Amino acid sequence: MLTKIWIVLVALTIATMSVGASQGRLLPFMIQAALILAVAGFKASAILNYFLDLRSSSRGWRLLFSIYLVMLGGSVLAIHAIGCTLAHGGCILLSYEAIR
């Protein structure tokens, strides 16, 4: 089972690297950042549940780590949005060509 999870994690890593390498050419910056962070959160959750065996722990621990991952991803996305706003006057729906 761990081998299958590891293969999925590798595939998701390659997918997020290709999305990130597009640098806003495929999707607007904020949608791209949100997608990458959502996949990173899923990967972190899979690592916690399968490799660190959090799935066999109590509901409280699973809830605590889930809340932590959501808060961490949301904070990073908010900081990215603030940085884009300050650097480009708002990039929530801008693409690469719009700020070039």
Side-chain angles (χ1 to χ4, degrees):
M1 178 69 169
L2 290 180
T3 304
K4 291 178 184 178
I5 299 296
W6 182 80
I7 291 170
V8 169
L9 292 173
V10 169
L12 288 172
T13 300
I14 293 169
T16 54
M17 287 174 56
S18 64
V19 169
S22 70
Q23 297 181 353
R25 290 183 183 94
L26 298 176
L27 297 168
F29 284 116
M30 286 305 297
I31 295 173
Q32 179 179 343
L35 179 66
I36 290 170
L37 287 171
V39 171
F42 175 78
K43 287 170 48 181
S45 177
I47 290 169
L48 287 170
N49 285 322
Y50 292 100
F51 289 94
L52 300 178
D53 207 22
L54 188 65
R55 67 177 185 243
S56 65
S57 65
S58 68
R59 183 176 176 221
W61 281 109
R62 290 191 312 262
L63 183 63
L64 177 73
F65 279 104
S66 295
I67 291 171
Y68 173 72
L69 289 176
V70 169
M71 300 251 328
L72 182 64
S75 299
V76 171
L77 190 62
I79 290 169
H80 178 71
I82 292 169
C84 283
T85 301
L86 293 175
H88 303 292
C91 70
I92 293 190
L93 295 176
L94 292 180
S95 63
Y96 176 76
E97 288 80 21
I99 63 168
R100 237 175 127 189

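If you're wondering where the values come from, they're calculated on a predicted model, not measured in any experiment.
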Minimum heavy-atom separation for [X] and [Y], please, with both atom names.
X     : Y     : value
Leu9  : Phe51 : CD1-CE1, 3.8 Å
Ile5  : Ala46 : CG2-CB, 4.4 Å
Phe29 : His80 : O-NE2, 4.2 Å

**Asked** Crowded around Tyr68 OH? As in, over 12 foreign heavy atoms under 6.0 Å?
**Response**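 Check fails, neighbour count at 12 or below.
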**Asked** Just wondering, are more than 12 heavy atoms of other shown residues or ligands nearer than 6.0 Å to CZ in Arg55?
**Response** yes
**Beyond-backbone contact of Gln32 with Ile36, side-chain heavy atoms, under 4.5 angstrom** = yes
**Asked** Do Trp6 and Val10 come within less than 4.5 Å of each other through their side chains, counting heavy atoms only?
**Response** yes
**Asked** Are Leu35 and Ile14 grouped together when hydrophobic residues (ILVMFWY) are joined by side-chain heavy atoms under 4.5 angstrom apart?
**Response** no
**Asked** Linking I/L/V/M/F/W/Y whenever their side-chain heavy atoms sit closer than 4.5 Å, directly or via other members, would Leu37 and Leu72 fall into one cluster?
**Response** no
Can you sort out the partners of [X] under side-chain hydrogen bond (donor to acceptor under 3.5 Å, both in side chains), two or more places apart, ordered by chain and number?
X     : answer
Thr13 : Lys43
Ser56 : Asp53
Thr16 : none

List in chain and number order the residues that pass side chain to side chain contact (heavy atoms under 4.5 Å, CB included) with [X], two or more places apart in sequence or in another chain; answer none if no residue qualifies.
X     : answer
Leu54 : Leu48, Asn49, Ser57, Trp61, Arg62, Phe65
Ile7  : Thr3
Ile67 : Leu63, Met71

